[in-house]
Amino acid sequence: MSFYKILFALCAVLFAQTGCDDSSKKKKEANAQVEVDSSGKEKDKESLKTNEKSGEDAKQAEEKEVSAEPKQKTEVTDSTATTNVGEQKETGDEKKAAATESKDGKVAAVFTGGSIISQDEVLKRIQLLPEKIQKLPFTQLYNLVLFVMIQEKLAYKTAIEKGFDKKESVKKQMDSIKESIIHQYYLEEKASKFVTDEAMEKQYHDLIKNFKSEEEIGIRHILVKTKVEADGIITKLKAGESFEELQQVKTIDKKTLEKKGFLGFFKKSQLPPQDSEIILKTEVNHFVSAPIEVPNAGYSVLFITEKRQSKPKTLEKVKDQIKAILIKKGSLEHIEELYKKYGVVCLDPEGKPIPRKSVNERLEEIRLKQEGKQSVEEESKKEESINKITDSSVVAKMGKDISITFAEVSDFIKDNSGMFRGMSPWEVFTLSVEECVNKRVLCLVTKENGFVDNPETLKKVEEAAHSLLSQKFLASEASALITNEVLQESYNKFVADVDKDGLEIRLKAIPVESKEKGEEVIKALKAGENFDAVLEKYCSDPRFKEKKGDLGYLRKEQITAISPELANAVIKAPKATLLPTLISVGGQMLVVRIEDKRKTEVPPFSQIKEQLKQRLIPDHMVKVTLDLMKKDGVKAFDFNGSSISLNEKDLEKALGGTANIAL
């Protein structure tokens, strides 16, 4: 991750903490899942299907394992994500002291006109950051957060001066965000009654009751560029040379250098499938006898440091996650109460009431869907009726006086198209109706009880508007700097970096609801039955039907990112081959056929122009900020009161090392 993208990412994190980005807030709630195994590795639930919305995030949170170490999204196949960067030089006590006490109320930044940012303000923002970001060395973290706060302040000021806040599209989004924040804080206040010591204890035990202890192994590694180098290191180890000494002089993974190459603890499921057996058979204090390929990085020589049984985390360590789960459940329960209070009835496209399920029933339905056990026949029938709906069709009623038409729902779908990616038409319809109803209900109840005038809520709304305007203005200014010439130059670099001898594989897949169904599909295809006909009969995910199971051409590294097991199988198999066994991808079972293989083709400029532009925006947002700083004559000071240079080169140097942590 580049220096600029680090800054851009942190802007997004700080922006979300003001509460203004409702989608980020929902994602944060959904991710308050205690889903870390005892090695500290997040389980990769990314799949070819998108998660359910609404109540699903609570169910996901409820079903995750609770384990022993802090979250750290790493795999043995990805050496770039293995380091706790914050464990450099400063001790925990020193960092804690620095993060809680300013230097006698000193100023962190001074602007033209006399306004300031104090050290206390910077420290408060630091304390709001996620734990993994706080692992950065304090000096770097302080400078980074200060830069973002200066950026936000200058961008807001300039946006107002240029009348950016008067644009209709900006006003509409700001009004929507303000409304969302009020609703969010109202629900959190109402749901807080569900967060009791007794409820916390019960939720914790519900989470860990199905915890299964597994063996996990501690791994150190030496990363080199080629297999020849890796073989040479293994030869030296066999001759009795020290792994530790070789690691210090041979590894190219600088992020694990100070940790003697330690990657962490791994379960079998987290190891590369093709190498798991040889790794697991290696005894403690011995090296793995063959090099392990690390995609796009080189080859690792592994050393087994320890074998142990995984244990769940204690309640004390996961209480924040447990609280988030209870808040979400409580919010869903309160929404149900409001539906009864206002007599809400949601209607299907034919005008018939959609049966309202309890929170527990809805969560159970989500669980079955995640496990591939749900039936899609009923949903498919309902989807046929959606084609008959018009903008004037009533899709919900609130008592006798209030109706919601599909025109309102249609606008919601257009404004939030990103959240529906991969969902079926029926899922989009029902979710959108529910979101529109929720908005109406919450508008009524917050107005009735005066919550919209709550000083604390209004303060959060003001902070949100401030951050939203700053971010939108910076993105707009950055976008204006990206000319066709800049895009063409970026495209030329992209073309130069493409591996012309790389491999692209076209895949088709049929998701199935069980192993037995998968075996039936494989048998039918081997017998010569038509792929489309088999897909139509057995497919457990309607989204695959839309594209007739065609996943398109994927590069080797893309397939590896989706599933190392899938990559290992399809790379070795010739084209026009049906894989003989099911492949599990993100919990979904797939029957996979290799349609074709070809050398990597470079997409035309017109096809990826917009992607290139989005990739360049973070760089240009930083440049816009640096220009604003120069014009304003901002003076910035580090935590010790020394002046910080704000030119691009010196700023990047001051923030050096931040690229080692994935925000």
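Reckoned from all heavy atoms, side chains included, excluding hydrogens, waters and symmetry mates.
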Side-chain heavy-atom pair Tyr553, Ile505 within 4.5 angstrom cut-off: no
Glu462 CD: over 12 foreign heavy atoms closer than 6.0 Å: no
Ser470-Gln151 side chain donor-acceptor pair, cut-off 3.5 Å: no
Lys157 atom NZ, over 12 foreign heavy atoms within 6.0 Å: yes
Distance, nearest 0.5 Å, that separates CD of Glu188 from OG1 of Thr457: 10.0 Å
Point-to-point distance, once rounded to the nearest 0.5 Å, from CG of Asp632 to OG of Ser115: 7.5 Å
Side-chain donor-acceptor pair present, Glu161, Thr158, cut-off under 3.5 Å: no
Spacing of CD belonging to Gln558 relative to OG1 belonging to Thr560, to within rounding of 0.5 Å: 10.0 Å
Salt-bridge present (Lys613, Glu610; N to O < 4.0 Å): no
Whether Lys597 side chain and Ile571 backbone form a donor-acceptor pair below 3.5 Å: yes
Ser180 side chain vs Ser176 backbone, donor-acceptor pair below 3.5 Å: yes
Donor-acceptor contact present, side-chain Asp253 to main-chain Leu223, <3.5 Å: no
Lys153 NZ/CZ over Phe111 ring centroid, <6.0 Å and within 45° of normal: yes
Whether Phe605 and Tyr491 hold their rings parallel, tilted or perpendicular, with breakpoints at 30° and 60°: perpendicular
4.5 Å side-chain heavy-atom contact, Val570 and Ile559: yes
Heavy-atom side-chain proximity of Thr600 to Leu503 below 4.5 angstrom: no
Carboxylate-amine/guanidinium proximity below 4.0 Å for Lys439 and Glu179: yes
Full working for side chain to side chain contact (heavy atoms under 4.5 Å, CB included) between Phe637 and Val110: CA-CA 9 Å; Phe637 308 94; Val110 179; 4.1 Å; yes
Evaluation steps, side chain to side chain contact (heavy atoms under 4.5 Å, CB included), between Leu468 and Tyr156: CA-CA 9 Å; Leu468 173 66; Tyr156 180 77; over 6 Å; no
Candidate pair Met629 and Ile150, rule side chain to side chain contact (heavy atoms under 4.5 Å, CB included), full reasoning: CA-CA 8 Å; Met629 289 178 175; Ile150 292 172; 3.3 Å; yes
Within-4.5 Å side-chain heavy-atom neighbours: Glu504 and Lys599: no
Min side-chain heavy-atom separation Phe473-Lys162 under 4.5 Å: yes
Side-chain ion pair, Asp627 and Lys623, N-O less than 4.0 Å: no
CD1-OH distance between Ile644 and Tyr142, expressed to the nearest 0.5 angstrom: 7.0 Å
Glu152 bridged to Arg125 by N-O distance under 4.0 Å: yes
Distance-only polar pair, side chains of Asn492 and Gln488, donor-acceptor under 3.5 Å: yes
Residue pair Lys171, Glu168: steps toward the salt bridge (Lys or Arg N to Asp or Glu O under 4.0 Å) verdict: CA-CA 5 Å; Lys171 287 171 64 178; Glu168 282 303 315; 3.6 Å; yes
Heavy-atom donor-acceptor pair, Glu229 side chain to Thr226 backbone, under 3.5 Å: yes
Any Ile219 side-chain heavy atom under 4.5 Å of Phe265 side chain: no
Between Gln173 and Lys472: side-chain donor-acceptor atoms closer than 3.5 Å: yes
Donor-acceptor contact present, side-chain Gln248 to main-chain Leu257, <3.5 Å: yes
Under 3.5 Å side-chain donor-acceptor pair for Lys106 and Ser118: no
Ile413 backbone acceptor or donor facing Ser432 side chain under 3.5 Å: no
Side-chain heavy-atom pair Leu554, Arg506 within 4.5 angstrom cut-off: no
Inter-residue atom distance Glu121.CD - Ile126.CD1, 0.5 Å rounding: 12.0 Å
Short side-chain to backbone donor-acceptor contact, Ser642 and Asp638, under 3.5 Å: no
Side-chain touch Glu435/Phe412, heavy atoms, less than 4.5 angstrom: yes
Val486/Glu489 under side chain to side chain contact (heavy atoms under 4.5 Å, CB included): CA gap, chis, key distance, verdict: CA-CA 5 Å; Val486 172; Glu489 182 182 350; 5.5 Å; no
